[in-house]
Amino acid sequence: MGFISTKMSYIPQKPTQQGKIILENLDLMEVAQWIDWKYFFKAWKITGHYDGLKECCGCQKCRTAWLAQFTEEEKIKAQEALNLYTDALKTLKEAIENKRLKGNALLYFSAARGEIDGIKLLSEEDEELLYLPTLRQQHYGERNQQCASLCDFISPQKDYIGIFACTIVGAKEWCEEVKEDSYQSLLIQTIADRLAEALAEWLHQEVREKYWGYDKSNKTGIRPAFGYPSLPDLSLLFDIDNFVKLKEIGITLTENGAMYPNSTICGLYIAHPQSYYFMVGEIGEDQLIAYARKRNKKPEEIKKWLTTR
């Protein structure tokens with residue numbers, strides 16, 4: 001296993017700026033265009049497909065026309081979705097116009113080198129800045145090509161990698177103000193969560209086009225987040241925090257590795273055009289022991305940090 005084989009030439013592109021970039025008070029009106037509303041409905045346990053809802057302006061004529069596409073049996077759920085979406089838009093409008101929520105982001109770009117079981121972040125003088133061990137699938141993955149690890153997508157020669165963190169600040173304080181209204185409180189939190197995901201989408205596109213410039217059209221590259229299937233060790237967040245100082249954009253970690261504010265995402269940018277998302281899944285005791293050694297922890301301690309278990 002190792003760096004992915006490819007028939008296409010891969011020439012790593014240097015980011016336009018290396019080191020840390022702080023972005024504060026981002027334009028949430030622009031970010032909101034990236035909200036994926038199906039996950040908003042999923043959070044509220046409302047199932048179904050509601051195509052065209054984003055084009056519904058909210059007036060009675062639009063609402064009636066939109067509902068007309070459903071059968072009588074479907075209309076009850078569709079009406080529920082429409083009411084929730086209308087309330088969500090009002091909350092989103094207040095969040096943006098009255099600055100009840102704020103979006104911040106942090107970027108860090110570095111030279112890097114992929115190894116058989118991890119990724120080294122390097123200075124321009126080739127000095128090691130940070131080492132991130134990566135777990136490997138112990139079964140053939142979805143693409144049936146190899147037992148994948150994120151280090152496979154970083155060249156063993158000189159390459160580059162990015163770290164990102166983005167957060168939506170202010171939801172807790174706003175929820176506290178309306179704590180007697182549990183519906184509105186939940187609405188605020190789910191809107192903040194969707195804005196955080198939208199911010200991650202928007203930020204990745206900015207990186208592709210502006211801060212790294214490795215792809216201005218095809219949306220290649222991946223951004224695995226810590227705690228997600230291909231990067232399941234939450235304890236790595238403490239290493240990232242020590243390295244980039246997440247508190248500079250208002251993010252703190254609990255002793256259990258939870259990020260605050262809750263509407264926060266932190267992960268890596270990998271630019272290789274053949275990189276892809278995958279699930280590490282269950283790992284064997286042999287890999288667990290070897291990985292724990294790299295993390296200077298006991299296997300039993302590592303287990304509690306892995307979202308694969």
Side-chain angles (χ1 to χ4, degrees), residues 1-13 15 108-122 128 130-165 197 200-201 203-204 207-208 212 214-215 218-237 239-240 257 265-295 297 299 302-309:
M1 303 299 172
F3 187 56
I4 58 174
S5 61
T6 174
K7 293 180 180 178
M8 63 187 294
S9 60
Y10 174 60
I11 302 175
Q13 184 163 333
Y108 189 100
F109 299 107
S110 171
R113 184 165 60 242
E115 303 200 337
I116 194 66
D117 52 11
I119 301 167
K120 279 186 178 179
L121 276 66
L122 305 166
E128 183 177 327
L130 179 67
Y131 180 69
L132 296 173
T134 57
L135 288 161
R136 183 174 295 282
Q137 291 175 314
Q138 292 188 244
H139 61 282
Y140 284 111
E142 305 82 56
R143 303 198 177 195
N144 202 30
Q145 294 175 336
Q146 64 176 15
C147 297
S149 178
L150 288 177
C151 60
D152 297 340
F153 306 137
I154 304 293
S155 173
Q157 281 73 51
K158 193 168 186 179
D159 206 334
Y160 296 92
I161 196 169
I163 296 171
F164 77 93
E197 293 286 352
E201 288 277 357
L203 190 64
H204 197 183
V207 167
R208 289 185 180 108
W212 200 335
Y214 66 82
D215 176 18
N218 295 323
K219 294 189 176 182
T220 59
I222 58 175
R223 59 167 195 281
F226 293 97
Y228 280 57
S230 56
L231 195 54
D233 181 5
L234 283 171
S235 74
L236 287 171
L237 279 170
D239 299 66
I240 294 296
I265 303 167
C266 180
L268 304 175
Y269 288 131
I270 296 175
H272 196 289
Q274 290 186 330
S275 59
Y276 58 89
Y277 296 104
F278 59 90
M279 179 180 292
V280 168
E282 291 290 337
I283 61 172
E285 289 299 313
D286 54 345
Q287 185 174 188
L288 177 65
I289 291 168
Y291 185 81
R293 190 178 301 120
K294 290 181 178 65
R295 298 292 292 136
K297 300 178 187 295
I302 279 291
K303 282 183 181 181
K304 75 175 185 179
W305 295 105
L306 298 183
T307 55
T308 61
R309 292 174 174 260

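Atom set for the values below is all heavy atoms of this structure, side chains included, hydrogens, waters and symmetry mates excluded. This is a predicted model, so every value here is computed, not measured.
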Separation of [Y] [atom2] from [X] [atom1] (nearest 0.5 Å):
X	Y	atom1	atom2	result
Ile163	Cys266	CD1	SG	7.5 Å
Gln274	Asp152	CD	CG	12.0 Å
Ile161	Asp159	CD1	CG	8.0 Å
Tyr108	Leu130	OH	CG	9.0 Å
Ile119	Leu132	CD1	CG	6.5 Å

Residues at least two apart in sequence or cross-chain that pass ring-ring contact (aromatic ring centres under 6.0 Å, His included) with Phe226, listed by chain then number, are none
| task | Name all residues meeting the ring-ring contact (aromatic ring centres under 6.0 Å, His included) criterion together with Phe109; count only those two or more places apart in sequence or in a different chain, and write none if there are none. | result |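 Checked Phe109 against ring-ring contact (aromatic ring centres under 6.0 Å, His included); matches are Trp212.
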Exercise. So, the side chain of Ser110 versus the backbone of Leu122: is there a donor-acceptor pair under 3.5 Å, distance only?
Worked result: yes
For residues 270-281, the salt bridge (charged side-chain N to carboxylate O under 4.0 Å, His left out) pairs (sequence neighbours left out) are none
Item to complete: Determine whether Thr134 and Asp117 make a side-chain contact, defined as any pair of heavy atoms from C-beta on separated by less than 4.5 Å.
Response: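 Heavy-atom side-chain distance check fails, nothing below 4.5 Å.
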| Does Tyr214 reach the side chain of Thr220, with side-chain heavy atoms less than 4.5 Å apart? |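 Side chain of Tyr214 against side chain of Thr220, heavy atoms only: contact under 4.5 Å found.
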Tell me every residue that passes side chain to side chain donor-acceptor pair (under 3.5 Å) with [X], counting only those two or more places apart in sequence or in another chain.
X	value
Arg208	His204, Gln205
Lys304	none
Gln287	Gln138

Residues in side chain to side chain contact (heavy atoms under 4.5 Å, CB included) with [X], at least two apart?
X	value
Glu201	Trp34, Arg223
Arg295	Pro133, Asp233, Ser235, Leu236, Asp239, Tyr291, Lys297, Ile302
Ser230	Leu150, Pro224, Phe278
Leu234	Leu237, Trp305, Thr307

Check step by step if side chain to side chain contact (heavy atoms under 4.5 Å, CB included) holds for Leu306 and Val280.
CA-CA 10 Å; Leu306 298 183; Val280 168; over 6 Å; no
Only residue of Lys120, Lys294, Arg136 satisfying salt bridge (Lys or Arg N to Asp or Glu O under 4.0 Å) with Glu115 is Lys120
Is it the case that the ring center of Tyr269 lies less than 6.0 angstrom away from the ring center of Tyr160?
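Judged by ring-centre distance (under 6.0 Å), Tyr160 and Tyr269 do not meet the cut-off.
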